[in-house]
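Each residue takes its place number in the sequence, starting with 1. Keep in mind it's a predicted model, so treat the numbers as computed, not measured. Whatever order the structure lists ligands and atoms in, that order sets their numbers, starting from 1.
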Amino acid sequence: MDPDYLPFHPNPKKPSYEPPAGAVDAHCHVFGPADRFPYHPKRKYTPCDAPKEKLFELRDYLGFSRNVIVQASCHGSDNAALVDALEASGDLARGVSVLSSDVTDHELSQLNNAGVRGVRFNFVKRLVDSTPRQVFIDLADRVKAFDWHIVVYFESPDLEELRPFIESLAKDQVVVVDHMGRPNVSLGPESAEFGAFMSLLNENTNIWTKVSCPERLTQQPPDYSDVVPFAKALVEAFPNRVLWGTDWPHPNMKSHTPDDGTLVDVIPLIAETEELRKKLLIENPMRLYWTS
Ligand code: 0GY
């Protein structure tokens, strides 16, 4: 079973920027290994195995203390690889799950005990088949018992249609938007498109975002300077509602193999003060993932 995108970087550079002690990589994945944790038969891509040992090695090498591991579409709603990684982490990892409508209360409780603190609703059409909104509404309601938040993943052209739905979820739960809502960076940070995303956060104080994924958004790989103004604007406008993550092992990357050390070096460009970096890398993720 060959992966259908580039493998992760085999030996990233040591970043010049040293994250503060206690920093959290709040968006990364574990994949497989497939012989133990098979990929979903209806997945839209086949990943490279990216086992927990490699992730924890990278965490230490880059100077991070903790991980938030996000269940990706290729494992469907079978969270076994995620749970295995959480349990092996010694509480240094927390998770975001993907759930099917028939998940039992007992399973939810087990996921919570393993360290899951969120559920991800994926709206990216190339990654998943569409799920009825009512299924998401019911799941959002059920995870309130555990005080979980919701992570949503969509691409910028879909924001307008999704906005009322996301705002309704955010009425009484935190909603985290992956990768800044995936703006088209060629339009620039002053565009109407990015303005709509900024207004989503401005008008809904329960909506957070991950200022992650320059490697996916850039039009000039591996130079991420075209993405920096977007992330910087969000960090400065919403310092208490932003998270940062490597996105390792970068599933579905076809343009270039991102160097994780280079990605870490983007942090001081988007969060220019130590205070902003402490919020982004420690205070915000700790508040969302490690209060219980
Ligand atoms: C990411 C990116 C992607 C994949 C997934 O669930 C997924 O399969 O999230 C992507 O292809 O954009 O790491 O968020």
Side-chain angles (χ1 to χ4, degrees), residues 1 3-9 24-32 34 37-52 54-55 58-59 67-82 85 93 95-100 116 118-131 136 139 149-159 162 175-185 208-219 221 224 227 230-231 242-258 260 263 266 285:
M1 196 169 44
D4 44 24
Y5 63 89
L6 293 165
F8 54 84
H9 204 294
V24 182
D25 172 356
H27 186 96
C28 50
H29 309 284
V30 287
F31 294 144
F37 301 109
Y39 301 117
H40 194 278
K42 289 194 183 152
R43 66 189 176 277
K44 307 286 187 195
Y45 62 87
T46 296
C48 314
D49 279 350
K52 58 182 185 287
K54 285 269 172 212
L55 175 66
L58 182 76
R59 173 198 67 199
N67 296 110
V68 178
I69 305 174
V70 178
Q71 172 84 350
S73 60
C74 56
H75 271 301
S77 58
D78 177 352
N79 297 283
L82 168 66
V96 174
S97 61
V98 170
L99 302 175
S100 64
V116 170
V119 56
R120 190 184 201 208
F121 299 159
N122 194 332
F123 298 93
V124 178
K125 296 177 184 93
R126 68 187 161 77
L127 292 174
V128 285
D129 297 330
S130 154
T131 298
F136 287 150
L139 288 171
H149 63 278
I150 296 159
V151 172
V152 291
Y153 189 24
F154 60 83
E155 294 180 316
S156 54
D158 296 322
L159 172 58
L162 283 171
V175 175
V176 182
V177 181
D178 275 343
H179 315 331
M180 307 188 275
R182 291 200 60 132
N184 175 352
V185 299
W208 297 35
T209 193
K210 291 178 199 159
V211 287
S212 48
C213 264
E215 78 280 16
R216 289 181 196 286
L217 302 173
T218 188
Q219 305 227 319
Y224 305 130
V227 186
F230 292 80
V242 282
L243 301 169
W244 184 91
T246 53
D247 189 34
W248 186 88
H250 315 284
N252 268 324
M253 283 298 297
K254 294 177 178 120
S255 60
H256 69 293
T257 299
D260 298 281
L263 290 171
V266 175

(message) Would His179 count as a contact residue for ligand 1, given that I'm defining contact as a non-hydrogen atom of the residue lying under 4.0 Å from a ligand atom?
(response) yes
(request) Check whether the ring centres of His75 and Phe37 lie less than 6.0 Å apart, and answer yes or no. (result) no
(request) Name the closest protein heavy atom to atom 12 (O) of ligand 1, giving the residue it belongs to and the distance to 0.1 Å. (result) Tyr153 OH, 2.5 Å
(request) Can you sort out which atoms of ligand 1 are near His27, meaning under 4.0 Å from one of its heavy atoms? (result) 1 (C), 13 (O), 14 (O)
(request) Mind checking whether His250 contacts ligand 1 via backbone (N, CA, C, O), side chain (CB onward), both or neither, at a 4.0 Å heavy-atom cut-off? (result) neither
(message) Give me the nearest non-hydrogen protein atom to atom 4 (C) of ligand 1 as residue plus atom name, then the distance to 0.1 Å.
(response) Leu127 CD1, 3.6 Å
(request) Within a distance under 4.0 Å of any heavy atom of Asp247, pick out the atoms of ligand 1 and give their elements. (result) 1 (C), 13 (O), 14 (O)
(message) Within the 4.0 Å heavy-atom shell around Ser73, which atoms of ligand 1 are there?
(response) 6 (O), 7 (C), 8 (O)
(message) With a 4.0 Å cut-off on heavy atoms, is His29 in contact with ligand 1?
(response) yes
(message) Tell me whether Asn252 has any N or O atom under 3.5 angstrom from an N or O of ligand 1.
(response) yes
(message) Does only the side chain of Arg120 get under 4.0 Å from ligand 1, or the backbone, or both, or neither? Count heavy atoms.
(response) side chain
(request) Could you list the atoms of ligand 1 found under 4.0 angstrom from a heavy atom of Arg182? (result) 12 (O)
(request) Please work out whether any backbone atom (N, CA, C, O) or any side-chain heavy atom from C-beta onward of Asn122 is under 4.0 Å from ligand 1, and answer side chain, backbone, both or neither. (result) side chain
(request) Examine Gln71 against ligand 1 and note whether any of their N/O atoms are separated by less than 3.5 Å. (result) no
(message) Closer than 4.0 Å to some heavy atom of Arg126 - which atoms of ligand 1 meet that?
(response) 10 (C), 11 (O), 12 (O)
